[in-house]
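Here is the structure we will look at.
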Amino acid sequence: MSNAATHPTLEDLASGRVPGQTSLVYNPYWWEAAPRQDTPSAQLPEAADVVIVGSGFTGLSAALTLLRNGRRVAVLERGVPGFGASTRNGGQVGSGNQKFRVKRLIELRGRAKAEAMLREGVLMLDYIESLIASEGIECHFKRCGRFRGAIRAEHYEAMARDMEDLSAIAGVESFMVPRSEQYREIGTDLFFGGSVLPRDASVHPGLYHFGLMRRVVELGGTVHGNTAAESITAEKRGFAIVTPKGKMRCRNVIIATNGYTDALLPELGRRIVPVGSGQIATGEIPKPLFSQLMPTERVYGNTNRVFYYFRLIPGERRIMWGGRVGRLASSRSPTAYRHLARDLLSVFPGLSAVSVTHGWDGLIGYTFDEVPHLGRTRNGIHYAIGYCGTGVSRATYFGHKVALQLMEAPDNSTAFDDLSFPAFPVHPIAKRAVPLVEAMYRLRDTLNI
């Protein structure tokens, strides 16, 4: 890592007055402990039982399940394995309940389906914990809990009602922290109290991905970087896949590309809109100040429509802070991360002199109905995509489940199996409209409408 003296301060970054001699590292901080491996497997096999397109959490989780059931597996990655969102996220691990309030989910899906989806969200969280333990992956997994700060007093009351509903319908443990007591959770006056989900977790996403990939290779799977699937053609006994390194044949294919889903399969491409998410990592924070910021060491967020999320970096006095990406600037420019520094200082104004060492972004895969989907295309290609920003546990679980479904194994069903997967009505416009929609949401957050 570069010398800390070469990095801008949070105040510099927030103001946009970044001195010319300072710079950021434009790679995820998580790569410091888990550098990307260009080509874990060099030789592309001519055939496999299953080819998985995408080397993130979904693809590697599916590969593990398949390999442990005797299948020959090859994982194809367009870039360096793990280059995408699986090593670019904030490492916050939840049950996937954050997208809808319980009452709204019941309105959309009915009570029985809503209950099944919410309860399965809890299973997803349990599954990733079990997988990490059984595979012996050292990645700082911790059931630290999640604190969500209320930006307005009415948000606190709405959260309290939603937590009651979540407990009643899915048995999820939670508690509320009033504003008068929030300093036991977080050292700020900004919030009007908040909610805590004590069973939510954190993980080092770089080390988690590294551990998954190592297990896949140890079990005989192959992972091929810089090997894009250029076309997939159905054949009598499976599929032929053309790559820059040659052609492969296989019996089954899994698409596990989430926010990096492209035109390879138009049937899936028009059902996903990529949404950018950016993060920054601070330099080391002085110990006396650090101890006051997040005394319970949870993962954190807020109640705005355009929300931010943050946490401590494991074993260090640093903060990882994330939110929507700055779309009007290059991701390799400090300007792209100005809004993140501003948001951080709105919560912790005492950190203005702390440096910012890293800035990076990645792509979230959003679906039109804001729920993830797994299933099969018309010509029999399996897929698991569309995590809408809550993908660490969902991707791991869906990868496992789509592998079970491919094998027609017992216990392969999910509450998400029979959901229709709507396409975006005008997909090209929807992709271009993301910055405009974000700007509208920011305005509504500001005006409280």
Side-chain angles (χ1 to χ4, degrees), residues 54 56-59 61-62 85-86 89 92-128 146 148 162 165-166 169-170 172 197 200 254-261 265 267-275 277 301 305-307 309 324 363-377 382-402 404-405 412-425 427 430-431 434 437 441:
F57 296 153
T58 304
S61 175
S86 287
N89 65 78
Q92 299 196 2
V93 191
S95 59
N97 297 330
Q98 302 99 314
K99 304 310 296 183
F100 298 100
R101 288 180 179 167
V102 173
K103 279 188 167 53
R104 179 58 178 159
L105 188 61
I106 292 172
E107 290 172 3
L108 292 170
R109 304 289 178 180
R111 184 178 179 88
K113 176 60 72 173
E115 179 174 351
M117 292 169 71
L118 291 170
R119 289 188 178 277
E120 191 153 14
V122 176
L123 293 179
M124 295 176 193
L125 187 52
D126 292 341
Y127 180 76
I128 189 173
R146 180 188 307 272
R148 191 174 181 212
D162 192 50
D165 293 340
L166 192 57
I169 196 171
V172 175
L197 292 166
D200 278 16
I254 296 174
I255 302 296
T257 46
N258 198 39
Y260 298 80
T261 301
L265 295 180
E267 180 180 344
L268 295 180
R270 62 177 177 265
R271 286 170 164 78
I272 293 287
V273 164
V275 175
S277 184
R305 293 177 180 87
V306 184
F307 61 90
Y309 53 94
R324 290 292 174 256
L363 296 177
I364 293 166
Y366 254 80
T367 58
F368 187 70
D369 57 2
E370 296 188 78
V371 297
H373 291 270
L374 78 168
R376 297 175 69 182
T377 65
H382 293 261
Y383 62 84
I385 53 177
Y387 306 118
C388 301
T390 56
V392 179
S393 61
R394 282 175 161 182
T396 302
Y397 180 83
F398 270 44
H400 170 62
K401 284 293 187 177
V402 78
L404 294 178
Q405 291 181 4
N412 69 23
S413 63
T414 82
F416 299 79
D417 290 337
D418 58 353
L419 301 181
S420 63
F421 193 174
F424 283 84
H427 186 262
K431 289 178 69 174
V434 168
V437 172
Y441 282 166

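For reference, positions follow the sequence shown, starting with 1.
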Flag this pair as yes if the NZ/CZ of Arg324 is under 6.0 angstrom from the six-membered ring centre of Phe307 and inside a 45 degree cone about the axis; otherwise no.
yes

Full working for side chain to side chain contact (heavy atoms under 4.5 Å, CB included) between Ile169 and Arg111
CA-CA 9 Å; Ile169 196 171; Arg111 184 178 179 88; 4.2 Å; yes

Minimum heavy-atom separation for Leu125 and Gly94, please, with both atom names.
CD1-O, 4.1 Å

So do Ile272 and Tyr260 actually touch side chain to side chain, heavy atoms under 4.5 Å?
no

Does some side-chain heavy atom of Gln405 sit less than 4.5 Å from a side-chain heavy atom of Asp417?
yes

Shortest non-hydrogen pair, Tyr366 vs Val275, comes out as CD1-CG2, 3.8 Å

Identify the two heavy atoms, one from Thr257 and one from Ile255, that lie closest to each other, and give their separation to 0.1 Å.
OG1-CG2, 3.4 Å

Evaluate the side-chain proximity of Leu118 to Phe100: yes if any heavy-atom separation is below 4.5 Å, no if none is.
no

For Gly386 versus Thr367, what's the shortest heavy-atom pair and its separation?
CA-CG2, 3.6 Å

What one should report as the nearest heavy-atom pair of Ala256 and Gly59 is CB-N, 3.7 Å

At their closest point, which heavy atom of Asp369 faces which heavy atom of Pro422, and how far apart are they?
OD2-CD, 3.5 Å

Is any side-chain heavy atom of Val172 closer than 4.5 Å to one of Arg119?
no

Salt bridge check, Arg148 against Asp200: does any charged N sit closer than 4.0 Å to a carboxylate O?
no

Can you check whether Phe416's main-chain N or O pairs, donor with acceptor, with Thr414's side chain at less than 3.5 Å?
yes

So how far is it from Asn258 CG to Leu268 CG, rounded to the nearest 0.5 Å?
11.5 Å

Go through it in stages, so that I can follow the logic: the residues are Tyr383 and Thr261, the test is side-chain hydrogen bond (donor to acceptor under 3.5 Å, both in side chains), and I'd like the CA-CA distance, side-chain angles, deciding distance and then a yes or no.
CA-CA 11 Å; Tyr383 62 84; Thr261 301; over 6 Å; no

Going by atom types alone, do Ser277 and Tyr309 pair a side-chain donor with an acceptor below 3.5 Å?
yes

Nearest-0.5 Å distance, CG of residue Leu166 to CG of residue Leu105
10.0 Å

Applying salt bridge (charged side-chain N to carboxylate O under 4.0 Å, His left out), name anything that partners Glu107, two or more places apart in sequence or on another chain.
Arg104

So CG of Leu197 and OG of Ser95: to nearest 0.5 Å the spacing works out to 6.5 Å

How long is the gap from OH on Tyr387 to CD1 on Ile364, to the nearest 0.5 Å?
13.5 Å

Are side-chain heavy atoms of Lys113 and Leu108 found at a separation under 4.5 Å?
no

Student check: side-chain heavy atoms of Val371 and Arg109 closer than 4.5 Å:
yes

Sidechain N-carboxylate O distance under 4.0 Å for Arg101, Asp165
no

When rounded to the nearest 0.5 angstrom, what is the spacing between OG in Ser393 and CG in Asp126?
10.0 Å

So how far is it from Thr58 OG1 to Arg394 CZ, rounded to the nearest 0.5 Å?
11.5 Å

Would you mind writing out the side-chain donor-acceptor pairs for residues 395-402 within the sub-3.5 Å range, not counting sequence neighbours?
residue : atom : partner : partner atom : Å
Thr396  : OG1  : Tyr208  : OH           : 2.9
Thr396  : OG1  : Val392  : O            : 2.9
Tyr397  : OH   : Glu120  : OE2          : 2.3
His400  : ND1  : Thr65   : OG1          : 2.8
His400  : ND1  : Tyr127  : OH           : 3.2
Lys401  : NZ   : Asp411  : O            : 2.6
Lys401  : NZ   : Ser413  : O            : 3.3

